[in-house]
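Excluded from the calculations below are hydrogen atoms, water molecules and symmetry mates; all remaining heavy atoms, backbone and side chain alike, are included. The chain is numbered in sequence order, starting from 1. The model shown is predicted, which means the values in this text are computed figures rather than measured ones.
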Amino acid sequence: MPLLHSPPVPVLILGGTTEASTLCTLLEYQNNFAPTLSLAGVTRNPHLPALSVRTGGFGGVDGLCDWLRHNKIQAVVNAVHPFAAVMSQHVSIACERLSLPLLRLKRPGWKATPADTWHHAPDLNKAAMVLAAITQPLQIFLTTGRKETTPFKNAPQHHYILRSIEAPLPADLPPYTTLITARGPFDLAGEYDMLRRHRINWLVTKNSGGKATFAKIEAARQLNIPVLIIDRPAQPAGPCVHTAQEALSWLQNYSATTLRNV
């Protein structure tokens with residue numbers, strides 16, 4: 001009697017992070033899964049894996065539910081950026097409605113050491129308020145993303161060195177802004193040189209975590225530059241792992257359990 005082969009398990013990966021890309025690379029060699037990577041479409045010309053990719057929004061929770069049903073998705077891995085709070089909330093609600101297993105793949109956040117000088121803000125608006133209260137003009141290295149510069153227009157006395165993958169709209173920028181377009185990863189020597197060359201007084205960044213952009217934190221530490229950290233938003237409850245390999249193991253366990261129960 002010939003062996004019966006189960007069809008591959010349709011899986012949705014909500015991506016846009018290094019961890020999502022690594023998981024997609026691992027899944028390219030897993031014939032028991034049929035993964036689809038979903039990207040928000042914010043970055044032009046992203047690095048794409050050799051598997052099915054969709055780009056753009058779903059149309060809220062209802063649209064996401066419709067897409068999951070239509071594509072017969074059996075498991076979801078949420079590997080969006082730690083600050084993509086709305087998407088994380090939407091996928092949590094959608095998976096609960098459809099009784100779909102959902103895993104959060106989230107890299108750990110950065111943690112201060114005794115050698116760091118960190119100031120915390122819960123969001124971008126509060127971070128801008130901290131800077132607005134500093135009357136002496138500063139040279140500020142701003143790495144919060146090209147779409148989230150508007151709050152800093154409320155602290156126009158400072159000179160901002162903004163680094164982003166793509167250029168923002170000029171109308172969204174504070175009046176004194178120098179733009180650097182670059183894509184990580186960045187090394188310590190380069191970040192150290194950049195901070196010194198631009199005479200940076202403060203670094204403003206989200207607590208994104210990961211290795212790709214951590215060198216700026218190390219460089220600021222060595223140069224005794226204060227860091228204004230925007231803390232991560234709260235995330236929905238549920239199972240969470242920190243590496244792509246752990247996410248793959250979770251999918252493999254789910255697949256094995258599902259097949260045993262068929």
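- A pairwise comparison of heavy atoms in A84 and V80 identifies CB-CG2, 3.8 Å as the closest pair.
- Looking at M194 and F186, their side chains never come closer than 4.5 Å, going by heavy atoms from C-beta outward.
- The hydrophobic cluster containing M129 does not contain W118, counting ILVMFWY residues as joined when their side-chain heavy atoms lie under 4.5 angstrom apart, directly or transitively.
- Under the 3.5 Å distance criterion, the side-chain polar atoms of Y254 are matched with a main-chain donor or acceptor of Q74.
- In this structure, E246 contributes its side chain and T243 its backbone to a donor-acceptor pair below 3.5 Å.
- L98 is listed as a side-chain neighbour of C65, based on a closest heavy-atom distance under 4.5 Å.
- Minimum heavy-atom separation, K206 to W110: O-CZ3, 3.3 Å.
- A pairwise comparison of heavy atoms in L64 and A94 identifies CD2-CB, 3.7 Å as the closest pair.
- Nearest heavy atoms, D123 versus N125: OD1-N, 3.1 Å.
- Atom SG of C240 sits about 7.5 Å away from atom CG of L105, to the nearest 0.5 Å.
- Note on ring orientation: taking the six-membered ring where Trp is involved, the planes of F83 and H81 are tilted (angle from 30° to 60°).
- When every heavy atom of A247 is checked against every heavy atom of V241, the shortest pair comes out as N-CG2, 3.8 Å.
- Proximity of a side-chain donor or acceptor of R107 to a complementary backbone N or O of E19 within less than 3.5 Å is not detected.
- Inter-residue side-chain proximity for L228 and L203 is flagged as unmet; no heavy-atom pair is nearer than 4.5 Å.
- No side-chain heavy atom of V77 sits under 4.5 Å from any side-chain heavy atom of L12.
- Salt bridge R196/D193: absent, no basic N to carboxylate O contact under 4.0 Å.
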Inset, instruction - Walk me through it: do V204 and F152 pass the test side chain to side chain contact (heavy atoms under 4.5 Å, CB included)? - result: CA-CA 11 Å; V204 181; F152 299 98; 4.1 Å; yes

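- Enclosure of atom CD in E96 is not indicated, since only 12 or fewer non-hydrogen atoms of other residues, nucleotides or ligands lie within 6.0 angstrom.
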Inset, instruction - Evaluate the side-chain hydrogen bond (donor to acceptor under 3.5 Å, both in side chains) criterion for residues Q139 and H159: first the C-alpha distance (whole Å), next the side-chain angles of each, then the deciding distance (0.1 Å), finally the verdict. - result: CA-CA 5 Å; Q139 293 281 113; H159 179 205; 2.9 Å; yes

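- A salt bridge does not link E191 to K216: none of the charged side-chain nitrogens sits closer than 4.0 Å to a carboxylate oxygen.
- In this structure, the side chain of N207 does not engage the main chain of D231 through any donor-acceptor pair within 3.5 Å.
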Inset, instruction - Report the C-alpha distance between D172 and T149 in whole Å, list the side-chain angles of each, state the deciding distance to 0.1 Å, and finish with yes or no for side-chain hydrogen bond (donor to acceptor under 3.5 Å, both in side chains). - result: CA-CA 6 Å; D172 294 338; T149 60; 5.3 Å; no

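- The minimum heavy-atom distance between F141 and I161, with the atom names listed, is CD1-O, 3.3 Å.
- Residue W250 holds its CH2 atom at 6.5 Å from CG of L102, rounded to the nearest 0.5 Å.
- Remark: R197 fails to qualify as a cation-pi partner of Y192 under the 6.0 Å distance and 45° angle criteria applied to the six-membered ring.
- Counting only distance, with no hydrogens or angles, the side chain of D116 and the backbone of T113 share a donor-acceptor pair below 3.5 Å.
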Legend entry - Test side chain to side chain contact (heavy atoms under 4.5 Å, CB included) applied to I134 and W202, step by step: CA-CA 11 Å; I134 303 174; W202 276 53; 3.8 Å; yes

Legend entry - V91/L14 under side chain to side chain contact (heavy atoms under 4.5 Å, CB included): CA gap, chis, key distance, verdict: CA-CA 9 Å; V91 70; L14 298 171; 3.6 Å; yes

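- A donor-acceptor pair is defined here as one N or O able to donate and one able to accept, closer than 3.5 Å; such a pair exists between the side chain of R104 and the backbone of N78.
- Contact of the L195 side chain with the I225 side chain is registered, since non-hydrogen atoms from C-beta on lie closer than 4.5 Å.
- Judged by distance alone, the side chain of T22 and the main-chain N or O of T18 form a donor-acceptor pair under 3.5 Å.
- Residue R97 holds its CZ atom at 7.0 Å from CD1 of I93, rounded to the nearest 0.5 Å.
- In the hydrophobic clustering of ILVMFWY residues, with side-chain heavy atoms under 4.5 Å counting as a link, L39 and V76 come out apart.
- To the nearest 0.5 Å, atoms CG (L124) and OG1 (T144) are separated by 5.5 Å.
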Inset, instruction - I would like to know whether L37 and S52 meet side chain to side chain contact (heavy atoms under 4.5 Å, CB included); could you show each step before the answer? - result: CA-CA 6 Å; L37 172 64; S52 176; over 6 Å; no

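- Summarising the geometry, atom CG belonging to L248 is positioned 11.5 Å from atom SG belonging to C24; distances are rounded to the nearest 0.5 Å.
- Put simply, F33 and L26 are part of the same group of oily side chains (I, L, V, M, F, W, Y) that touch within less than 4.5 Å, one to the next.
- Side-chain atoms of S255 do not come within 3.5 Å of backbone N or O of L251 as any donor-acceptor pair.
- Note: the hydrophobic cluster containing L68 does not contain V11 (ILVMFWY, side chain heavy atoms under 4.5 Å, direct or indirect links).
- Looking only at side-chain heavy atoms (C-beta outward), I200 and I140 stay at 4.5 Å or farther from each other.
- Formation of a donor-acceptor pair under 3.5 Å by the T17 side chain with backbone atoms of A79 is found in this model.
- In this structure, R54 satisfies the cation-pi test against W67, with its NZ or CZ atom closer than 6.0 Å to the six-membered ring centre and inside 45 degrees of the ring normal.
- H158 places no side-chain N or O within 3.5 Å of a backbone atom of P137 that could act as its donor or acceptor partner.
- Residues P174 and Y160 are in side-chain contact: their nearest non-hydrogen atoms beyond the backbone lie under 4.5 Å apart.
- Residues I13 and S38 have side chains not in contact (no heavy-atom distance under 4.5 Å, counting atoms from C-beta outward).
- Clustering ILVMFWY residues whenever any of their side-chain heavy atoms sit less than 4.5 angstrom apart, transitively, puts I230 in the very cluster that holds L162.
- Note: I217 CD1 to K111 NZ = 14.5 Å, rounded to the nearest 0.5 Å.
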